[in-house]
Structures are given as C-alpha cells and as structure tokens.
Asker: 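One structure, as structure tokens, below. Some questions next.
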Amino acid sequence: MAAVFVWRPPGVHARHVHRSHPKRDPDLSIIPSFTSNITTASTACQTVTTTSRAPMETFSFSVLSDWLVDFHAFSSQEREHHHLHHPVDGSLGGPSARVTTSSHDSHVNGNTISLDSIEGILLVCLPLSKLFDADEARGALDSFVIHDQSNADAEMARGARVALADYAARSLSKFLPLTCSQNHAVDNSVCADSSHDIYNQISLTIKTMGQAKHSQAKITHRSHRRDRTMRAGKNEAEIPFVLERTDCIVYSDKNQHTKDAVLQFYLHVHAILPHAHQKPMHTHFVDSLKNALIQAMTQTLHPFKCILTSTECSGHIATVVLQRKLRGMLQPPRNFNSTTSDNNNRANTLQQNNNSNHNGNSYLNAVAFIADNSILPRKSGRSCQPMASPPAIPFHSPDSDMLTTVVRVEVGYWRRFLRKDGTLLRSDNCKDDANVDSNEEERTDTTLSIRGMIIPVGVTLIVGGGYHGKSTLLQALSAGIYDKIPTDGRERCVTHIDALSIRAEDGRYVNRCNVSAFISNLPGKGLDTTRFSTMDASGSTSQAANVVEALESGATALLVDEDVSAANFMARDGRMRAMIMDEPITPLLYRVNGLFLSKEHHVSTVVVVGGVGEWLDVADAVILMKDYVAYDGLKKARSVSYQFSYGHVQYAGRGVVHRLPWEVKEEKKPIADEADKTGDEKKPVTLSPLRRKPETACLMGKFHNVAVHLLDSGSSRLWFYPDDDGSNSSFDDCDNDEDDGIVDMSKCSQLVGNASEQLYGCGICILWLLRESMNHPDDDMLDLLKRLEAALDDGGMNQLMISLHQNLGRDIGSSTKDVLPKILLSSAAHDLWEDVGFALRPRIHEVAMTLTRMRGLRFEILPEKPRQMDVSSEEEEEQKKKMAAIAEMWNNRRKK
C-alpha cells in the first residue's frame with residue numbers, strides 16, 4: 001500500500017484557476033489566484049522549500065506483509081488556506097506553523113489545541129503473485145501475462161487485467177467509506193509532555209475516489225435538491241460497463257518479468273488531527289498517523305483480498321475475457337500502416353478470407369453478434385439495469401442460415417467459470433442445468449459453443465412496427481462496443497469496437513470538414529463544402545459532418561436510428577426529387593452502398609427504419625422485429641423493393657439513385673477568384689475526409705497550455721481554458737467567441753453512464769493530442785489517434801497525465817515506486833481528482849468527437865499522402881491490366 005496526502009484549497013474544483021469566465025462558471029470568479037510554499041520535512045528532520053504540491057513527509061511500511069506502502073503527506077487545506085493570507089513567522093504554512101481554527105478549538109492539559117484537517121490520496125499496491133499464490137490459481141496468474149502486444153492472447157490478458165481492476169474498484173465501494181478514530185497509548189518515557197497525547201487522537205475517513213468527489217458535489221450543490229439526490233445516490237457499481245480506470249489499474253514494470261504485475265488503486269483519505277501550539281513534536285505525529293493508517297487498512301484489506309480470489313471475481317473476469325474474444329472474431333483487424341489498406345476489395349476479402357485466428361475459427365464477417373437468451377430491454381429509458389424476465393422476452397436468433405450461427409470460442413483458464421453457452425456458472429443454481437458440464441471431459445474442454453445472431457457486414461436494416469423492439473436492438477448494438485458485467489443481460493452481445501452511433505446534432509460546431517459527399521451547391525458565393533465550417537450546424541449538415549468525421553477516425557460501421565436523424569438527410573422520395581431539382585443535399589440512402597463498396601473505407605451501415613420504404617432497395621440484410629422477436633426479412637424486403645423499385649431513376653446524372661459511387665476521379669478545379677490563386681489549380685476532388693489537424697497558430701495562441709474542467713457536476717460539457725497566471729489573454733481577445741474552448745457532448749450517446757468520468761477522460765486525451773500535434777506537425781487526425789491508442793495500450797491514462805508534465809518523459813518508470821512521485825507532479829492528475837475523482841478510458845472515436853466539437857479550434861488541411869499500394873492492390877491492378885489486354889485482343893479480332 002502506498003499513501004499520498006494532497007492539499008486542496010477549500011472551494012476549488014480545478015487547480016489554481018487564475019482567471020474565470022462568469023458565464024461558464026460563476027463560482028470561479030471569486031477564487032483568488034494563489035501560489036504558496038510549504039516547508040517539507042525529510043526523515044532527517046531537514047527542511048526544504050518546495051511548491052504547494054510537494055510532500056510534507058515520506059515513509060514506507062507494509063500491511064499484512066503483502067500490501068506495499070509508500071506514504072507521502074501534504075499539508076492540510078485549512079492550515080495552507082489560513083497561512084496563505086496570514087503567514088506566521090515569515091513563512092506560508094508548514095508543519096511547525098501555529099494554526100487556530102475556531103470551529104475545532106479545544107483544550108488539553110492547559111494547551112490550546114486546533115484540530116487540523118488533511119485530505120490525502122492512498123495508493124495501495126498488491127503484486128498479483130501474492131494474490132494468486134495458491135497452486136490452483138497459477139493458471140489465473142498466467143492469464144494476466146502479456147507476451148506479445150499484437151496477438152489475440154495479449155487482448156485476452158489486457159481484458160483480464162481491466163476486469164480485475166474493475167472488480168476491485170466495485171468491491172471497494174462496498175467496503176468504503178470507512179470512518180475510524182484512533183486513541184493510542186503513549187510511552188511516558190518517550191513523551192514526557194502530556195500534550196503529546198494529542199498526536200494519538202486521529203480520526204480517519206477513507207473513501208474511493210468516486211465517493212469522495214460525489215460527496216463533495218453533494219455539499220457543493222446543497223441548494224439544489226435534484227443535484228444533491230442524484231449525486232449522493234450514484235454508485236460506481238451501477239455502471240454495467242467494464243472500462244479501464246485511472247483509480248484502479250493492473251500495472252507491469254517494463255524492465256522486469258511480465259508476471260510481476262501489480263494491482264494498484266487510489267483511495268481518498270480525510271484525517272482530522274489536533275495540533276499543539278506549544279510543542280508540535282512532528283515525529284510523534286508521523287508515528288501516530290502511520291499507526292492509524294495501518295490499523296484502518298488492516299481491517300479492510302484482509303477481507304478485500306479474499307473477495308479478489310473468490311469465484312465471483314473469477315466469473316467477472318471470465319465474462320470480460322469472453323467478450324474480448326467474441327469481439328475479436330467479428331472482423332479481421334484493419335491495416336492502418338498504409339493510406340490505402342487491403343480495403344480496396346474488402347467485400348471479397350471478408351468472404352474469401354478464411355484465415356483462421358489462433359483458435360482455428362474463421363472470422364464472422366460481421367458488425368455484431370447477439371447471443372441467444374440475452375436480455376436486451378432495460379428497466380427504463382434512463383436506467384442501465386436489465387428488465388426482469390418476464391415481462392422481458394429473451395432474445396432468440398431467427399431461423400436463418402444468413403443471420404444465425406454457432407460460434408466456438410476458446411477462453412483457456414476461464415472456461416471453468418462459464419457454462420457451455422458462455423453464461424456465468426453459479427454454484428447455487430447449477431443443478432439440473434443442461435448447460436452445465438456433465439462429465440470430466442467436457443469440464444476440461446476450454447472451448448465454448450454459443451448460438452446467436454450476427455449483423456453481417458454491408459447495409460443492414462432493422463424494420464418493424466412501433467414498440468416492437470427496433471430501437472432496443474440498436475441500443476444493444478451501440479452498447480456492444482464495451483465489455484459488460486455478468487448481470488447486465490447483454491454480456492454476450494458484442495459489437496465491433498469501431499462502430500459509431502450517428503445522429504443529427506443541431507447547433508454543433510464544425511470547422512473545415514469535407515461534407516461534399518452529402519452537401520453541395522449551397523446558395524451563395526464562395527461556399528466550399530469540401531472545407532465546410534459553421535458555428536451552428538443544422539440537422540442535416542451536422543449529421544453529414546458526423547458521418548465524415550466517423551470515417552476520419554477510422555470507423556468500420558455506422559449505427560443510425562431514423563427517429564433521431566434529420567429527415568432530409570436520410571432519404572428523399574420520388575415526388576420531392578421531381579419537385580426540387582436543385583437540392584444541395586444528397587441523402588445517406590444514396591451513399592451507403594457506395595460507402596461499403598469503397599476501396600478506401602468499406603464501412604457498413606445498420607439503420608433502424610420504420611417510415612421510408614426506399615431503404616429496402618439498398619439492403620444486404622433485413623431484420624424484421626415483431627412482438628420483440630427477430631425474423632429474417634430479406635426475402636420479403638426484396639419482393640417489396642421489386643414491386644416499388646425506383647432504381648431506374650437517375651439522380652442529377654450521377655447514376656442510379658440508390659447506389660451512387662463513393663470514389664471520384666481527380667479533375668481540375670477552376671480558380672474562383674483572385675483570393676484562390678495562391679492554391680494549386682489542380683486539386684483532387686474526393687468525397688472522403690481531407691487530411692487535417694489542429695491549426696498550429698491556434699495551438700500557439702488561444703489554446704496554448706490549456707487545462708480541462710468539467711462544467712457543472714454530472715454535465716456533458718467540457719471547458720478547455722488557459723492554464724497560466726493570466727498573462728495569456730487570448731481568450732479575452734475581441735476576435736474570439738465567448739464560448740471558445742467549450743465542448744458539448746450531450747448528443748454523443750455512446751459515452752458511458754452519466755458521461756462525466758469518461759468525458760473527462762476524453763479531456764485528458766485531448767490535452768495529450770494537442771501537445772503531440774505540435775511535436776508531429778505532419779500527422780493528421782488519424783495519425784494522432786493511432787499514437788494516442790498506442791500510448792493508452794502501453795501505460796494507460798495515468799501515463800498520459802504523467803507525460804503531460806513538461807519535465808517528465810513518456811514512460812511511467814522502471815518500477816511501481818516511480819509512479820507515485822511522478823503522478824504527483826502532474827497537474828492534470830490533481831485536476832482529475834478535484835473535478836470527477838477518477839476517469840474512464842474513452843475510445844479514440846469519442847476523443848475525436850471531443851476535438852472536432854471544441855469551439856474556437858481551427859483545423860488546417862494537410863497535403864495528401866502519396867498512395868502506397870500494398871500487395872493485394874498490386875495483384876488487382878495486374879489482373880485488371882490482363883483483363884483489359886484480353887478485351888482489347890478480342891475487339892481487334894472482331895474488327896477483322
């Protein structure tokens with residue numbers, strides 16, 4: 001166990017905010033600018049002067065011989081806040097400074113005593129070799145080892161680590177908060193003065209990082225009954241998704257054996273201790289505080305370790321490992337090493353590529369997989385809890401060779417905690433269960449057989465009447481990108497990690513986005529939709545920008561619900577085409593087939609349709625929902641499409657209406673006016689996203705050295721503000737908008753839960769991306785996102801916060817002891833603890849959404865990369881040349 005005490009001035013929810021914006025956060029306008037020094041005491045009782053975040057005391061100890069302890073203490077907030085304005089003996093605070101707090105005054109043996117309050121952070125560390133030390137648990141320990149970062153076994157190991165950390169965090173929330181008071185006897189030979197007894201009267205309150213922040217929010221919003229009730233009632237365990245966290249991780253030292261992984265988690269400590277005015281006796285205070293921490297943690301960590309080795313914890317990990325394996329079997333991994341990867345003929349590749357994964361299973365060539373007997377509906381529209389069954393109807397796959405399949409999944413050691421169909425094996429209800437292994441041979445088999453429905457690649461429609469389960473199925477697909485806990489009901493429903501939900505987003509900010517595939521020929525002079533910008537996008541333009549930006553971030557599938565989409569962006573019937581001949585909007589209906597057949601993107605689309613039948617003309621698969629039961633509706637859809645087909649109608653001379661091609665050949669673009677003469681006369685015309693990155697001048701100006709703050713507790717808005725002493729007044733320039741730096745993510749439905757923790761994780765990633773964009777000026781958005789994902793896989797979000805410090809490198813360190821001192825120097829970590837308590841790791845797609853929605857951030861267009869042709873592309877081009885030569889030969893013979 002390692003302990004850290006961190007000072008936080010009262011009332012401040014972001015570190016030393018030197019300036020404020022009254023419209024964004026009225027409370028910040030009254031916070032003074034402050035910097036201070038504290039006196040640091042080393043073990044030799046020598047003192048040095050450091051910044052306000054420097055440790056006051058450092059010592060080490062262990063608990064129950066297994067838990068590692070490294071203690072760093074900081075000065076109390078009351079003492080620091082008091083001496084900020086009332087220095088004593090020429091210094092600003094310090095352990096020897098005399099403090100009087102009227103609300104905590106008391107008298108002991110004639111001495112005037114002031115009860116000081118200290119807030120702190122406990123970093124608790126447990127090696128996994130100590131956790132899984134039993135002989136029967138050796139297989140579990142091997143399952144956490146990452147041998148190769150790129151293979152499927154490494155993904156299983158990463159999933160097991162994330163699941164163990166998640167279960168530890170959920171279990172801690174049941175043990176904590178813990179409040180205890182310590183009264184220790186003191187040897188009179190050591191303490192001749194009776195005032196030393198005061199140091200043995202310490203009261204401790206230990207909470208998880210989330211509990212500490214939520215209780216703080218409860219106090220802050222005391223005047224708002226709704227906010228107080230919501231934040232006080234929030235429980236970390238209520239979120240059914242398993243994600244990488246900042247407050248609880250499994251970490252491996254890079255320079256040691258991979259089996260030496262350590263479970264680390266942060267806890268918040270609030271200590272109330274008296275302070276003697278006459279003889280401070282700092283050494284006795286440290287001893288008393290150390291003893292209080294040991295006693296408090298001993299009664300918590302012993303039962304906590306037993307829970308981590310329980311069957312329930314192993315089942316939790318096994319469920320996450322299964323989801324990781326299922327998700328990896330959906331599609332082959334994309335090759336991002338070249339601009340044009342093997343997507344040039346991906347439709348044939350997915351059908352002909354029977355390259356097996358390491359278990360011998362072929363890829364499913366699917367966007368998602370929904371297992372039988374899954375419970376998809378939720379209790380309510382605002383709840384993540386599953387609806388009870390009955391009345392909820394368990395999902396069953398349709399009787400269709402195209403949609404239904406049986407998947408065999410190899411899960412290794414974790415097979416013993418799962419039934420044959422992949423559901424969690426519970427010891428209390430396993431009797432007379434057909435899915436429980438009946439003999440020793442089946443129990444030793446590490447392979448599962450799961451029957452379910454796939455959403456194939458291509459264009460898939462989900463149709464049906466109102467209230468028949470269409471949107472419920474799409475919501476399950478949307479949530480399938482995340483791993484879920486065993487009791488969620490959808491724990492065997494997975495979606496490809498790069499599937500994005502797309503909807504209209506009226507009023508969003510767009511800057512230099514190529515929406516020409518959907519928006520063109522806008523009225524007015526000089527409106528170039530290849531570099532479209534607006535401060536207030538309409539429904540159709542916002543959804544067009546969302547689609548293009550999804551392609552820009554590397555999406556493989558689009559999830560679209562007709563109910564939350566712009567009607568004119570989704571489709572146009574024949575009457576409206578005849579009525580309006582110069583419509584600037586090309587609906588998504590006309591682009592989905594070309595987008596899937598595109599050599600560059602090959603993106604599938606899943607659409608919930610209930611009102612526009614023209615979508616039946618473009619479907620590759622149709623799922624008909626009737627009375628909450630799924631049927632294969634493709635045959636009927638093709639029959640209806642044949643009867644009402646408009647396929648013969650030409651749209652603006654660009655081909656068949658519903659199947660417009662995506663690729664556009666290069667052509668010369670005339671210069672519009674004198675202002676465009678600086679550009680190249682021959683510009684490539686493309687419907688795909690242009691290569692762009694945050695503008696360097698913008699990063700050097702208003703967004704130089706910014707910090708992130710969550711606007712309003714529980715909201716979906718971030719604010720990126722200048723983190724300086726007020727000398728940078730870029731945000732106050734008259735040319736800038738008052739909302740610069742604001743990001744509204746309220747319409748991004750794939751953020752987890754109330755979005756605060758994962759949204760703040762997006763903010764941390766943005767700070768890292770902005771710095772990397774300056775260090776790598778030739779990288780576009782996708783390049784930066786790939787760097788981000790590699791950094792997150794390498795060391796997690798704590799590494800990002802550490803690397804944001806100007807004096808720290810990218811690595812966390814060679815040992816677990818290096819983590820604590822470095823993360824304490826990271827101002828981003830202190831902001832996180834003060835704003836939301838902990839953060840959840842986001843996908844790179846949500847990070848990209850945050851970046852492109854940051855008001856005031858401008859993008860610059862980069863030159864196109866030279867296209868690198870891979871082996872499959874070369875073979876295809878060679879085959880085309882041969883076919884052209886044969887065709888020319890036959891034409892010449894006919895002429896003779």
Side-chain angles (χ1 to χ4, degrees), residues 167 170 235 237-242 311-312 315-316 318-320 322-323 326-327 368-400 403-407 409 417-437 448-455 462-495 559 561 606 608 623-633 749 752-753:
Y167 190 84
R170 295 173 188 273
N235 192 320
E238 290 179 352
I239 299 177
F241 305 107
V242 179
T311 303
E312 183 179 353
H316 185 90
T319 302
V320 173
L322 172 60
Q323 293 174 77
L326 282 172
R327 194 174 291 110
F369 175 82
I370 309 293
D372 283 359
N373 296 316
S374 298
I375 303 298
L376 304 186
R378 304 291 94 184
K379 283 184 176 180
S380 66
R382 295 180 59 86
S383 174
C384 293
Q385 300 298 318
M387 181 184 293
S389 178
I393 299 177
F395 180 84
H396 289 284
S397 304
D399 185 12
S400 168
L403 298 179
T404 302
T405 185
V406 177
V407 182
V409 188
F417 305 103
L418 301 171
R419 296 188 180 97
K420 291 184 294 185
D421 62 350
T423 56
L424 185 63
L425 179 62
R426 302 179 187 274
S427 58
D428 56 344
N429 59 357
C430 62
K431 296 180 180 180
D432 302 327
D433 192 336
N435 287 314
V436 177
D437 300 331
L448 303 172
S449 295
I450 307 176
R451 184 180 185 272
M453 182 183 73
I454 64 170
I455 306 296
I462 302 176
V463 301
Y467 296 96
H468 279 257
K470 303 189 304 298
S471 296
T472 300
L473 177 58
L474 187 70
Q475 289 170 5
L477 299 180
S478 179
I481 59 174
Y482 297 121
D483 300 322
K484 293 166 283 292
I485 61 177
T487 58
D488 178 71
R490 303 170 296 182
E491 62 271 17
R492 295 176 300 145
C493 304
V494 296
T495 306
L559 309 179
D561 193 340
V606 181
V608 170
I623 300 172
L624 174 62
M625 297 298 297
K626 183 177 181 181
D627 296 329
Y628 312 109
V629 178
Y631 299 91
D632 186 355
S749 59
V752 168

Asker: Identify, with sequence neighbours excluded, every residue that meets ring-ring contact (aromatic ring centres under 6.0 Å, His included) alongside F369.
Answerer: none
Asker: Which heavy-atom pair separates H316 from P486 by the least distance, and what is that distance?
Answerer: ND1-CD, 3.7 Å
Asker: Mind checking whether P398 and I623 have side chains closer than 4.5 Å, heavy atoms only?
Answerer: no
Asker: Just verifying a value: how many Å separate R451 CZ and H396 NE2, rounded to the nearest 0.5 Å?
Answerer: 9.0 Å
Asker: Heavy atoms only: give me the nearest L624-G464 pair and the separation to one decimal.
Answerer: CD1-CA, 4.2 Å
Asker: Starting at CD1 of I450, measure out to CG of D372 and round the result to the nearest 0.5 Å.
Answerer: 10.5 Å
Asker: Kindly say whether L474 contributes a backbone atom to a donor-acceptor pair with the side chain of S478 at under 3.5 angstrom?
Answerer: no
Asker: Taking 4.0 angstrom as the limit, do R419 and D421 come out as a salt bridge?
Answerer: no
Asker: Side chain of S383, backbone of S380: donor and acceptor closer than 3.5 Å?
Answerer: no
Asker: Considering non-hydrogen atoms only, spot the tightest contact between L477 and T495 and give its length.
Answerer: O-OG1, 2.6 Å
Asker: Going by the rule side chain to side chain donor-acceptor pair (under 3.5 Å), which residues pair with D632 if we only count those two or more places apart in sequence or in a different chain?
Answerer: S400
Asker: Would a 4.5 Å heavy-atom cut-off, applied to side chains only, mark L376 and L473 as touching?
Answerer: yes
Asker: Give, for atom OG1 of T472 and atom CD1 of I462, the distance between the pair rounded to the nearest 0.5 Å.
Answerer: 10.5 Å
Asker: Going by the rule ring-ring contact (aromatic ring centres under 6.0 Å, His included), which residues pair with F417 if we only count those two or more places apart in sequence or in a different chain?
Answerer: Y413
Asker: Taking C-beta and beyond as the side chain, do D561 and Q475 meet within less than 4.5 Å on heavy atoms?
Answerer: no
Asker: Can you tell me how far apart CE (M453) and SG (C493) are? Round to the nearest 0.5 Å.
Answerer: 9.0 Å
Asker: Quick one: list whatever passes ring-ring contact (aromatic ring centres under 6.0 Å, His included) with F395, sequence neighbours left out.
Answerer: none
Asker: If you measure from CD1 on I370 to CD1 on I454, what distance do you get to the nearest 0.5 Å?
Answerer: 11.5 Å
Asker: For Y482 and F241, work out which heavy atoms get closest and say how close.
Answerer: CB-CD2, 3.7 Å
Asker: I would like to know whether V463 and M625 meet side chain to side chain contact (heavy atoms under 4.5 Å, CB included); could you show each step before the answer?
Answerer: CA-CA 6 Å; V463 301; M625 297 298 297; over 6 Å; no
Asker: Got a sec, which residues hit side chain to side chain contact (heavy atoms under 4.5 Å, CB included) with I375, two or more places apart in sequence or on another chain?
Answerer: P377, P386, S389, A392, P394
Asker: What pairs of residues pass the salt bridge (charged side-chain N to carboxylate O under 4.0 Å, His left out) test when at least one of them lies in residues 463-477, not counting sequence neighbours?
Answerer: none
Asker: For H468 versus D627, what's the shortest heavy-atom pair and its separation?
Answerer: ND1-N, 2.8 Å
Asker: Assess the residue pair E491 and I485 against the criterion (side chain to side chain contact (heavy atoms under 4.5 Å, CB included)); give the C-alpha distance rounded to whole Å, side-chain angles, the decisive distance to 0.1 Å, and a yes or no.
Answerer: CA-CA 6 Å; E491 62 271 17; I485 61 177; over 6 Å; no
Asker: Looking at CG of D488 and CZ of R378, how far apart are the two atoms once the value is rounded to the nearest 0.5 Å?
Answerer: 4.5 Å
Asker: Return the minimal non-hydrogen interatomic distance between L424 and L418, and the atom names on each side.
Answerer: CA-CD2, 4.1 Å
